[in-house]
Amino acid sequence: MTERPLRLLLDFDAQAQRDKEQPPAFLHRRDRKFALVCKEQGFAPDAARWLNHMKRLAGPGASAQAGEHTLTLWRRINAGFAGTGVVFGIFTMLGLLFYDGGQRINITLFLAFVLFQLVLALFTSIQSLAGWQPWHWLLRRLNSSPTKGVAHRLHPALMARAAHLGGFCFALAGLFTLLVLVVVQDLAFGWSTTLDTGSGSYHRLLTAVAAPWAWLWPAAVPDPGLVEATRFFRAEPGSGGLNPEVWGQWWPFVTMLWATWVLLPRLLLFILASALIRHKARQQLNSHPAMHALLYRMETPALDTGIERNDARDLPDTDTRSNLRPLPDSDTLVCWAGACEPELPEPLRSGKHLILKAGGRASLTDDQRVLNQVAEQAAHTADKAVLVVTRCWQPPTGELQDFLEAGQTLWPAGIRVVLVPLAADINQVPPLHQIQPWLRFAERLGHDFVMVSLPELDLQTQDAASKELP
């Protein structure tokens, strides 16, 4: 069963959470431009294309699925239910068909167990539709992260699907065990009950139970003679002179009984639960608050700020340049999301003893290794700064924020991170409007830990050029 709608919902919700940290004006320009590009190419902008666009903006290789953690958790739960179902299915069928040679395998007991399985399957679906979560303790034990969010509202349906998958594996393993025992053993079936029941009434009950497959396999429907001949009483010794071959003629009925009333309902309910998850995921995606905001940004050509004051004569913001800090000396440099490719500017490349790569195509394990290497370097040197080189035209991402926050926790106290955004041409100074998002990013993280600098030679070049202007 495909998880595309669920994955789409989880990725969209994660991107919406990251967008909360971005300025509204930036989001509007970004999404409006995406809508215009889609219109030029003849496509309708939707959530899937928008998420792919966000991944391309994040840089090549930065395609880690934001909802992968949640999906991996549920794959583990499904695998656990499936494995448990297989084990219980084998041992349950061995217990039901246990035959010591002196007692018959009671069809009445088999019917009662099949009825119990059918009721259990229906109860699982009903509790899912009602939103009850009797397995909530298991989720709390397996999931260490908070369970709030869009995935939390899908937990009843997801757990019902896992339970039906386990039930299906239970039924399949039981059916396989049944067929194996029919081949390798001489099973003796019969029916018995303490109630005063005639064989005619019992045959009518079995005929009703066997109605779904009577047209397909008539031999799997017990005839009145078989029902009359195979009734046994616990205190009655032996087979009463009956041909022993008759006791084994029940196996087609038992096989179809298990396949029709245990295996088939679990399979159908598993398919229904999967379809319900896809439907709810699409429904929640369409009603997601961030989806309404995204559609508004893509359809609205201009921002309406509601401010009537004309600020055309206001002086430009001159604080941006003053917020830049001089580039400190450091032996440690981290290239974020391929910012060092194809090469670093000479002022950054020279004198660096440790140049590492993180983000982008690097895995979380690689990022953690970089964090540890920087921590080890800082512990053995007097360096109090770590240079993190980025691309100025890419907005700061939540992945970078997570990386820096992890470094703040792991690295020695007093270490400062210096963000160095580079232009497409590494010999040019980035334009101010592309530096401003990085300054705001550093301000949010705190200037005591993160600051923004530019290569010294480039600054000198720009300052000299600005002095030449009239």
Side-chain angles (χ1 to χ4, degrees), residues 18 21-23 26 59 316-340 344-360 367 370-371 373-375 377-379 381-424 426-463 466:
R18 289 195 293 269
E21 302 174 356
Q22 301 294 341
F26 166 76
D317 182 14
T318 57
D319 292 337
T320 300
R321 174 63 67 188
S322 61
N323 288 336
L324 290 172
R325 306 297 177 85
L327 186 69
D329 293 331
S330 175
D331 291 339
T332 306
L333 186 144
V334 177
C335 297
W336 182 256
C340 302
L344 283 170
E346 178 59 26
L348 294 177
R349 188 170 61 249
S350 61
K352 301 297 182 294
H353 295 159
L354 186 62
I355 298 179
L356 304 170
K357 295 182 180 180
D367 290 351
V370 170
L371 291 170
Q373 287 180 278
V374 173
Q377 174 76 2
T381 63
D383 273 354
K384 293 298 182 182
V386 177
L387 305 184
V388 178
V389 181
T390 65
R391 289 168 170 160
C392 69
W393 66 91
Q394 292 177 345
T397 61
E399 183 185 5
L400 175 59
Q401 180 175 344
D402 294 341
F403 178 81
L404 297 180
E405 290 177 348
Q408 189 175 16
T409 304
L410 181 63
W411 296 339
I415 292 292
R416 301 190 67 182
V417 173
V418 182
L419 296 174
V420 186
L422 297 181
I426 60 175
N427 296 317
Q428 298 295 325
V429 177
L432 292 180
H433 72 277
Q434 292 183 344
I435 300 177
Q436 288 174 348
W438 294 99
L439 290 171
R440 288 193 293 269
F441 178 70
E443 183 178 2
R444 286 197 304 271
L445 296 182
H447 289 302
D448 294 337
F449 178 60
V450 180
M451 63 182 189
V452 181
S453 298
L454 296 178
E456 293 180 354
L457 290 181
D458 290 341
L459 277 176
Q460 293 173 1
T461 303
Q462 190 192 54
D463 290 342
S466 62

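Keep in mind that what you see is a predicted model, and the values were worked out from it rather than measured.
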Worksheet entry | Which residues share a side-chain hydrogen bond (donor to acceptor under 3.5 Å, both in side chains) with E405, sequence neighbours left out | Q401
Discussion item. Test side-chain contact (heavy atoms from CB on, under 4.5 Å) on S330 and V386; report intermediate values, then the result.
Written reply: CA-CA 7 Å; S330 175; V386 177; 5.5 Å; no
Worksheet item: Are V374 and I415 side-chain neighbours, meaning at least one heavy-atom pair lies under 4.5 Å?
Response: no
Worksheet item: Is there a side-chain contact between I355 and C335, using heavy atoms and a 4.5 Å cut-off?
Response: yes
Listed partners of [X] passing side chain to side chain contact (heavy atoms under 4.5 Å, CB included), at least two apart:
X    : answer
A358 : V334, W336, D367, V370, F403
A375 : L410, W411
Q408 : F449

Closest non-hydrogen atom pair between [X] and [Y], with its separation:
X    : Y    : answer
A337 : R391 : O-NH1, 3.4 Å
Q373 : L356 : OE1-CD2, 3.6 Å
P421 : P430 : O-CG, 3.3 Å
A423 : C392 : CA-SG, 3.7 Å

Discussion item. Just verifying a value: how many Å separate Q377 CD and L354 CG, rounded to the nearest 0.5 Å?
Written reply: 5.0 Å
Worksheet item: Okay, side chain of S453, backbone of V418: is any donor-acceptor separation there less than 3.5 Å?
Response: no
Worksheet item: Would V420 and L333 satisfy side-chain contact (heavy atoms from CB on, under 4.5 Å), going step by step from the backbone distance to the final call?
Response: CA-CA 10 Å; V420 186; L333 186 144; over 6 Å; no
Item to complete: Dump the intermediate steps for side-chain contact (heavy atoms from CB on, under 4.5 Å) on F441 and L404, then the final yes or no.
Response: CA-CA 11 Å; F441 178 70; L404 297 180; 3.9 Å; yes
